[in-house]
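Here's the structure we're looking at; comments come further down.
Nothing here was measured: the structure is a model prediction, and the numbers come from that model. Read the numbers this way: they start at 1 and go in the same order the structure lists the ligands and their atoms.
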Amino acid sequence: MCGITATVGADDVVSALLTGLENLEYRGYDSAGVALANGAGVEVVKREGRGDDLVDRLSTASLSGRVGLGHTRWSTHGPPTDANAHPHTDCTGELAVVHNGIVENHAELRERLRGAGHRFTSDTDTEVVPHLVEEYLAAGGDVETAFRRAVADLSGSYAVALVHADEDAVYATREGSPLVFGVDDGAGTPDAAYYLASDVPAFLEFTDDVVYLEDGDVIRVAPAGYEITGTDGTPVDRPVESVDWSPDDVEKGTYDHYMRKEIDEQPTAVAQAVRGRVDGGAVSFDSLTAGIFNDVARVQFVACGTSYHAALYGAQLLRERGVPARVFLASEYAVNAPPADEQTLLVGVTQSGETADTLAALRSGQSDGIRTLAVTNVVGSTAARECDDAVFIRAGPEIGVAATKTFSSQVATLSLLAERLCRDVRDSRGDDASELLAALDTIPSKIGSVLADSSAAELADRYGDSDAYFFIGRATAHSVALEGALKLKEISYEHAEGFPAGELKHGPLALVTPTTPVSAVATGRHTEKLVGSIEEVSARGAPVIAVAPRSETAVAEAADDVLWVPDSHPELVGLLANVQLQLLSYHTATLLDRPVDKPRNLAKSVTVE
Ligand code: M6R
C-alpha cells in the first residue's frame, strides 16, 4: 500500500531507485515517481500509471544526483493522476517528499497552510508535509529541525522521506507504517550505498544488511554515513541484521508471473515451514520456550483476506483437538472485540506483519492485557516486533498480490502450532498427533505431484466464460472454499463466492444455474454430506468440479470433473486442494488476460485501516 524508497551514494541512483520501485510495485501501481537532489536543486519526474510508464518518461529526462527518493502509489486521497503522484514538493520546489500511510489531520493542516499563503497542486494528504517543512524552514532553523517540527504536526500513520536542494542527504521517519534501512558495503566506507524502503525486497539485490527502524526514529542518511535519533534528537542504536532472503527470491526468472512462480515454490515453502520443528511426536519453535502456553485456555485468531482463511483452517485444527478457538476478521475485532481474559491467546496471522487492521486488532487485545502471538512471514515486521511472541512461516518473499505460497506455509505452521498448543493447553497430544506430523512431512512432495499433474488449465478453458463461480466445502475444506473464491475473484475479476457446503440450501442455491460451476472440496471426511450438496447443485444443472483425494470415489462420481489430489491425512488434504484451486484461478485469469500479479484496485500490503 504505497511503496517508498530512497537511495544515497549508489553509483547510479536513478537505476537503484527504479529497481527499488519495480521490486515494491506489489505495494501499489497507480502512479510512480522519483526525485533527485544534486546540489543545484531537486528534480522530480512522476506520472500516473505503472512503473514502466515512469521508465519511459525518465528515458527522455536526464536526471542526476547522489541522493534520491522514489514512490509507487496506491491511491487513498485523490485519483491516480500525474498531479497526485509522489514525490510532492513545496512552493519553492526546493524540497520533495514521499509518503506511505495516511495523514489524518491533513484537511486542517491544509487550511492552516493555505491561510499562510501556500499553494497546493494535488488532492493528496501527503502534500501538507513539504509545505509544513517549508513553513518551518522559513521560520528559521535547518532542514532537520524543520523536518522534525513538520512531522510532529502530523497525526495518523506515516513513513515519510525528504530530500532538500541544499543537502546531500535524505531524512526519513516512521510512525505506524513500515520503513527499513539497508546498508551496502559497510557504513562510512567510501563505497557505501544506503537504501530506505517500505520493505526489504526493494533493495535485496544490493544488500541483505538491514536496520529495522522503530516508530519515532528519525534517520539522516548521507554518502558519508547515517545517524538514527529519537523524536527528541537523542541518538538511538539500532542493530544491523542480516536477512536470509536471496535476491533470486524477488526475481521472476523465466516465469510470466510471480504468482505462478510462487505457486510452484510451495513444496519448498512448506518444507521450510516444517524443517527442524518436529522431533518425534513433539513440535518445537525456536522462539517459544517449553510450557509457554500452559496457562492458555482459549485461542482467538485475527487476520484478513487469505490469512483469515488460513486462520479459519488453523482454528478448525485446534477445535478438533479440544482447544477452544475462534477466528475474527481483524477489522471487526478492532472495533468490537469479543470477551477475553488473561487465559486467552490472541494470534495475529499476517503474511506481511504490516496489515493495519490486524495490527489494530492485536493492539486492542494488548491494551486489554491479552497475550499476543504473531504468525508472520516477515522477520522485523511490526507484528513480529509488537507481539509478545512470534512464529515465522518461512515462506520467503511473496511478490504477487494474490497470496499463494504463504497460505500453504501458514497452514503448515498453524498445523504445527495446533499440535504444540494442544500439548500445552490440554497437557496431552491429539489422538493422531504423530499421524498428522508424519503426514506433514510428505506434503511438499504431494504438492509437487499436484503441480505436475494438474488439469486445472483444461478446466479453466472449459468453464472460462461462466457467469459466476461457487466453492463449497465443510470444516477445513470450507476455509479452502473461501480461499478458492477469493483467489479467483481478485485475479480474474469474475464473481466468485465460497460457502459452507451445508449452507447452500439456506440461500446461496438460488444463485446456482447451469452457467455457474461449483467447485466442491473434499477432504476424506463428511463425504456423504458433501455428495448430498453436490447432488443439490447438479439437480439445478450446475456443473460440479470435485477437488478430491484419489480415494474419494463417491465424490468424484457425483461430479462432472475432478481435480485430483494425492490421498493424505484428512486435516491436510485441504492444503493440497487449495493448490489446485490456485491453479484454476491462475489459468482462468490468464485466459481472460488479466494483470495477474497486479490486480486492479489492490495492493499487497494494506497498511491503512
Ligand atoms: O499481509 P497479510 O497476510 O496480513 O495480508 C492480508 C490480506 O490483505 C491478504 O491476504 C489479501 O487478502 C491478499 N491479496 C489475498 O490474496
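Some N or O of A403 is nearer than 3.5 Å to an N or O of ligand 1, by distance alone. For the pair T358 and ligand 1, the shortest N or O to N or O distance does not fall below 3.5 Å.
F407 and Y313 have perpendicular rings, their planes meeting at more than 60° on a 0 to 90° scale where under 30° would count as parallel.
Residues forming a ring pair (Phe, Tyr, Trp, His ring centres under 6.0 Å) with Y308 (at least two apart in sequence, or on another chain): none.
Of the possible polar contacts, one joining the S585 side chain to the L488 backbone as a donor-acceptor pair under 3.5 Å is found. Side-chain atoms of T376 come within 3.5 Å of backbone atoms of Q351 as a donor-acceptor pair (strictly under, hydrogens ignored). Here the side chain of R594 pairs no donor or acceptor atom with the backbone of A589 at under 3.5 angstrom.
Only the side chain of E490 comes within 4.0 Å of ligand 1, judged by heavy-atom distances.
In this structure, R298 places its CZ atom where more than 12 heavy-atom neighbours from other residues, nucleotides or ligands lie under 6.0 Å away.
Among all protein heavy atoms, the one lying closest to atom 1 (O) of ligand 1 is S352 OG, 2.6 Å. The closest protein non-hydrogen atom to atom 8 (O) of ligand 1 is V606 CG2, 4.0 Å. For atom 6 (C) of ligand 1, the nearest non-hydrogen atom of the protein is C304 O, 3.3 Å. For atom 10 (O) of ligand 1, the nearest protein heavy atom (residue, atom name, distance) is T306 N, 3.0 Å. Among all protein heavy atoms, the one lying closest to atom 12 (O) of ligand 1 is G305 CA, 3.3 Å. Protein heavy atom in closest approach to atom 2 (P) of ligand 1: T355 OG1, 3.2 Å.
Residue contact annotation: V401 has a non-hydrogen atom under 4.0 Å from ligand 1. Using 4.0 Å as the threshold, K487 has a heavy atom nearer than that to some atom of ligand 1. Under a 4.0 angstrom heavy-atom cut-off, S605 registers as lying outside contact with ligand 1.
Close contacts between ligand 1 and S307 involve ligand atoms 2 (P), 3 (O), 10 (O) [criterion: under 4.0 Å to a heavy atom]. Less than 4.0 angstrom separates some heavy atom of A402 from each of these atoms of ligand 1: 16 (O).
Remark: the E398 side chain and the T406 side chain contain an N/O donor-acceptor pair separated by less than 3.5 Å. For Q410 and S307, the side-chain atoms include at least one donor-acceptor pair closer than 3.5 Å. Using modelled atom types and a 3.5 Å distance limit, the side chains of S155 and E104 yield no donor-acceptor pair.
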